[in-house]
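Input: a single structure, listed below in structure tokens.
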Amino acid sequence: MMSLVRAAGLFVGSLLSAVFASGAANAQMGQPADWQINLQSAATPVMEKIHDFNYLLLAIITAIVLFVLVLLVVVILRYNERSNPVPSKTSHNTLIEVAWTVIPVMILVVIAVPSFRLLHLELNVPQADLTVKVTGHQWYWSYEYPDNGGFGFDSYMVPTKDLKPGQPRLLAVDNEVVVPVNKNIRVQVTAADVIHSFAVPSFGIKIDALPGRLNETWFRATREGVYYGQCSELCGRDHAFMPIAVRVVSEKDFEAWIAQAKAKFASAPEGRSLLTFASAQ
């Protein structure tokens, strides 16, 4: 019996090490990677906590599955007709009945504590250094910077034929959201027509965009770079073609971009027509 338990422990350790290693290798910063089997790499404190919680659940689930497997193997080997020709007629075992009630409760408590902490971190928006208002449309996003003069712009997917080197297909956009690194960004989300969902996996944010309602989330990106997301609510025919691209830059570069953006988007024509995405598919 002890050898089975020891073997199971070694198997759990090897399995978790392999999963974590392969996940780290396959997870890519800011966008999905080929053969990725884990979450995208974390770029915010919230996403780091999501990673930790995911690993905790994986360890617990793996341990439970292997424990049940060991019990089944023991039952098969020890209590078959050949090994145990005279079966026990015991109908109750107080210790086992108490254990299978108390132990699951304790496991749920272990899961609940970090879960509630994570929810508190996600839902309580800290003092914001910058506010970005996001509006979902069929099928593109609009962004406004109310703290920086109130300018705004639309963001459309770049068709495949127009992609530049390094731009990912179905994720690159013509106008990226630009935010400074290591700053608390408050994101206010709504929709102009149907329900959309604003999601950026590396930031650990996903929030519904509802017509007539203003939802709110936040992130603090700790690394510069471009991070991609997509609408995660089935919103119609071109649901798959309204990506999100957030460029995280230094504070100096952000101030320079703000100055340029005010001039650029203040003169942009109103009522820009929808692009046709047939060529992007």
Side-chain angles (χ1 to χ4, degrees), residues 19-20 23-33 36-61 108-136 141 143-147 155 171 173 176-191 195-210 213-233 243-251 254:
V19 169
F20 294 162
N26 290 328
Q28 185 169 339
M29 180 65 68
Q31 59 182 290
Q36 180 176 327
I37 62 172
N38 206 344
L39 303 174
Q40 287 187 22
S41 298
T44 67
V46 169
M47 191 58 187
E48 290 174 359
K49 295 296 183 181
I50 292 175
H51 273 265
D52 293 342
F53 188 57
N54 178 60
Y55 292 149
L56 172 65
L57 292 182
L58 179 61
I60 292 174
I61 292 170
L108 291 176
V109 171
V110 170
I111 293 174
V113 172
S115 175
F116 291 153
R117 288 176 178 171
L118 178 57
L119 286 173
H120 183 272
L121 179 63
E122 291 176 346
L123 298 177
N124 284 270
V125 181
Q127 182 67 35
D129 299 305
L130 174 69
T131 299
V132 178
K133 182 180 179 182
V134 182
T135 304
W141 298 97
Y143 301 98
E144 299 175 35
Y145 285 71
D147 297 341
S155 180
L171 291 175
V173 300
E176 300 170 338
V177 183
V178 180
V179 298
V181 69
N182 291 320
K183 298 292 183 180
N184 293 333
I185 312 299
R186 176 170 53 203
V187 183
Q188 296 178 332
V189 183
T190 188
I195 299 176
H196 302 276
S197 184
F198 187 83
V200 183
S202 287
F203 292 167
I205 60 174
K206 181 179 182 293
I207 188 167
D208 284 344
L210 304 172
R213 178 169 178 171
L214 193 67
N215 285 336
E216 192 171 75
T217 186
W218 74 284
F219 67 88
R220 182 173 70 250
T222 56
R223 306 180 190 180
E224 296 183 23
V226 183
Y227 301 89
Y228 296 98
Q230 291 176 302
C231 177
S232 297
E233 184 71 43
I244 301 158
V246 181
R247 182 175 294 274
V248 180
V249 298
S250 66
E251 190 170 359
F254 176 72

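Side-chain atoms are counted along with the backbone in the values below, which use heavy atoms only and exclude waters and symmetry mates. Remember, predicted model here, so these are calculated numbers, not experimental data.
- The closest donor-acceptor contact from the side chain of S197 to the backbone of C231 lies at 3.5 Å or more, if one exists at all.
- Inter-residue side-chain proximity for Y227 and V179 is flagged as unmet; no heavy-atom pair is nearer than 4.5 Å.
- Contact check for H196 versus V189: no side-chain heavy atoms found under the 4.5 Å cut-off.
- Here the straight-line distance linking atom CG of N182 with atom OG of S250 works out to 11.0 Å at 0.5 Å rounding.
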* Apply side chain to side chain contact (heavy atoms under 4.5 Å, CB included) to the pair V246 and Y143, showing each step before the final yes or no. => CA-CA 11 Å; V246 181; Y143 301 98; over 6 Å; no
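- Between the side chain of S202 and the main chain of A42, no donor-acceptor pair closer than 3.5 Å is present.
- Residues E233 and I195 have side chains in contact (heavy-atom distance under 4.5 Å, counting atoms from C-beta outward).
- Counting only heavy atoms from C-beta outward, the side chains of M47 and L39 approach each other to under 4.5 Å.
- Under the ring pair (Phe, Tyr, Trp, His ring centres under 6.0 Å) criterion, F219 pairs with F203, sequence neighbours left out.
- No more than 12 heavy atoms of other residues, nucleotides or ligands lie within 6.0 Å of CD in E251, so this atom counts as exposed by the packing criterion.
- The distance from atom CD1 of I60 to atom CG of L56, rounded to the nearest 0.5 Å, is 4.0 Å.
- No donor-acceptor distance shorter than 3.5 angstrom exists from the side chain of N184 to the backbone of R220, with no hydrogens or angles considered.
- Counting heavy atoms from C-beta on, the side chains of D52 and L118 never come closer than 4.5 Å.
- The distance from atom OG1 of T217 to atom CG of L123, rounded to the nearest 0.5 Å, is 8.0 Å.
- From E176, atom CD reaches atom OH of Y228 across 6.0 Å, with rounding to the nearest 0.5 Å.
- In terms of heavy-atom proximity, P180 sits nearest to L130 at CD-CD2, 3.7 Å.
- Closest approach of W218 to N124, counting heavy atoms only: NE1-O, 3.7 Å.
- Taking all atoms of both residues into account, the shortest heavy-atom contact from P45 to L121 is O-CD2, 4.4 Å.
- Nearest heavy atoms, P146 versus E144: CD-O, 3.3 Å.
- At a threshold of 4.5 Å between non-hydrogen side-chain atoms, the residues V248 and F254 do not count as touching.
- With rounding to the nearest 0.5 angstrom, the OG atom of S115 is 13.5 Å from the NZ atom of K49.
- Of all the heavy atoms in A191 and A209, the pair that sits closest is CB-O, 3.4 Å.
- Considering every non-hydrogen atom in both V181 and A221, the closest pair reads CG2-O, 3.4 Å.
- Taking CD of Q188 as the reference point, atom OG1 of T135 lies at 10.0 Å (rounded to 0.5 Å).
- Using a 4.5 Å heavy-atom cutoff, the side chains of P32 and L171 are in contact.
- Using a 4.5 Å cut-off on side-chain heavy atoms (C-beta onward), I205 and V46 make no contact.
- Under the ring pair (Phe, Tyr, Trp, His ring centres under 6.0 Å) criterion, Y145 pairs with F151, W257, sequence neighbours left out.
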